[in-house]
Protein chains: 2
Amino acid sequence: MPPARHDRHSVIACALRLLDEVGLPDLSMRRLSTELDVQPSALYWHFPNKQALLAGVADRILEAVPEPDSSAAPADVAHAIRDALLTYRDGAEVVMSSYALRLGAARAQRALAASLAPVSPVQEDAARTPLADAVFEFILGHATLLQQRMHAQSIGAVEADAEDPAALATEVFESGIRAMTGLRAVRPPA
Amino acid sequence: MPPARHDRHSVIACALRLLDEVGLPDLSMRRLSTELDVQPSALYWHFPNKQALLAGVADRILEAVPEPDSSAAPADVAHAIRDALLTYRDGAEVVMSSYALRLGAARAQRALAASLAPVSPVQEDAARTPLADAVFEFILGHATLLQQRMHAQSIGAVEADAEDPAALATEVFESGIRAMTGLRAVRPPA
DNA sequence: ACCTGAACACCGTTCAAGT
DNA sequence: ACCTGAACACCGTTCAAGT
């Protein structure tokens with residue numbers, strides 16, 4: 001039987017599926033290689049190291065975020081990013097570790113910056129701004145903590161909140177986003 | 001020669017020092033045990049697992065944050081928390097992983113909530129509020145990303161920003177904190 | 001009370017060699 | 001181009017046993 005054949009795309013797809021099934025702590029190169037019916041060392045033909053593979057996974061997770069659009073409401077863009085991060089187990093932590101290397105999040109960041117920029121139709125593709133970066137950092141921190149908490153609860157490591165934890169988290173998210181983007185919902189005076 | 005003698009306090013102190021020297025990825029139970037001149041298994045008499053040890057480290061990192069004080073300005077409290085996280089290498093990530101388990105951050109959270117609460121001197125010790133939680137999540141996300149970026153740069157994994165990265169990060173932090181706490185600087189009308 | 005010694009079940013990564 | 005096979009240098013954790 002010839003060895004299995006793969007490319008970067010199929011490896012990333014498998015890694016994303018495995019991430020969602022077992023979580024980031026159990027997503028090892030060895031486990032992934034078993035899933036792909038391949039020796040661990042085979043993965044290093046496709047990626048220089050695990051970090052690079054995770055950057056590819058992060059990219060895929062954020063592909064669900066709409067293209068930059070200066071007419072989009074900042075709060076909607078923020079929600080789209082949060083939803084994308086929460087779609088896969090530990091998705092936020094994966095994106096966070098890759099974002100530190102400035103990988104995988106460029107599109108999401110530009111989408112935020114565009115929605116937050118003072119509206120001027122000429123420059124559709126706004127550069128990063130301090131506030132847009134801050135909003136993105138808030139979303140990443142929030143979603144990462146939420147997912148870690150969800151895992152801790154499933155393990156029983158922490159007692160569940162009295163109220164629905166997802167609902168509580170959403171309330172926290174809303175109040176943060178409202179504070180950070182609320183002012184920009186109204187076009188600033190010229 | 002009799003084996004070395006330790007308690008939780010001294011183990012945590014050594015772990016914090018080692019964290020600052022080598023960073024979180026290299027802070028292993030085995031390396032810490034070597035530093036303490038003890039077998040790895042000895043650590044498990046003091047702590048049930050690595051996570052519990054890190055929660056102790058997180059606690060220590062946040063001890064630098066002042067007691068809750070409703071007369072403190074929210075922005076000052078936010079800065080005190082950020083400074084505490086940035087004092088030790090990878091401090092933010094350690095606190096983040098413990099905060100998911102609701103460990104180690106209670107005091108910092110109460111300090112934030114107190115400063116953000118509508119001022120009413122009777123209830124000095126404000127409970128958590130959605131906005132206070134959001135601000136704390138922003139600070140953790142921001143500081144974690146900054147420290148990871150600093151490490152990536154020292155490794156050369158990412159090209160340094162043209163301008164001073166610490167100054168850029170501070171500007172991002174300021175604009176986030178201003179947006180989230182600025183409105184509360186003025187007492188809301190009754 | 002606090003630690004040793006030995007083991008179990010894992011990791012990420014490298015590199016020569018195969019096809 | 002893509003993978004195997006074998007190795008290197010590590011992990012966290014458990015548990016009987018020592019003092």
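Note on naming: letters A, B, ... go to the chains in the order of the sequence lines (proteins, then strands), and numbering restarts at 1 for each one.
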Under a 3.5 Å limit on both distances, the Watson-Crick or wobble mate of C:dG5 is D:dC15

Heavy-atom closest pair (B:V22 atom, B:R31 atom, distance to 0.1 Å) is CG1-NH2, 3.4 Å

Report task. Take atom C1' in C:dC10 and the same atom in D:dA9, then report the distance between them in whole Å. Result -> 14 Å

In terms of heavy-atom contacts, B:A134 and A:S175 come closest through CB-OG, 4.3 Å

Quick tally for nucleotides 1-14 of chain D: nucleotides whose base has a protein heavy atom under 4.0 Å get B, sugar-phosphate-only ones S, the rest -, giving SBSBB-B---BBBB

With sequence neighbours left out, the residues meeting side chain to side chain contact (heavy atoms under 4.5 Å, CB included) with B:R17 are B:C14, B:E21, B:E35

| query | Is it true that a side-chain atom of B:E174 and a backbone atom of A:P130 form a donor plus acceptor pair closer than 3.5 Å? | reply | no

Taking a pair to mean Watson-Crick or G-U wobble geometry with both distances below 3.5 Å, D:dC10 pairs with none

* To do: Check whether more than 12 heavy atoms from other residues, nucleotides or ligands sit under 6.0 Å from atom OH of A:Y88, and answer yes or no.
  => no

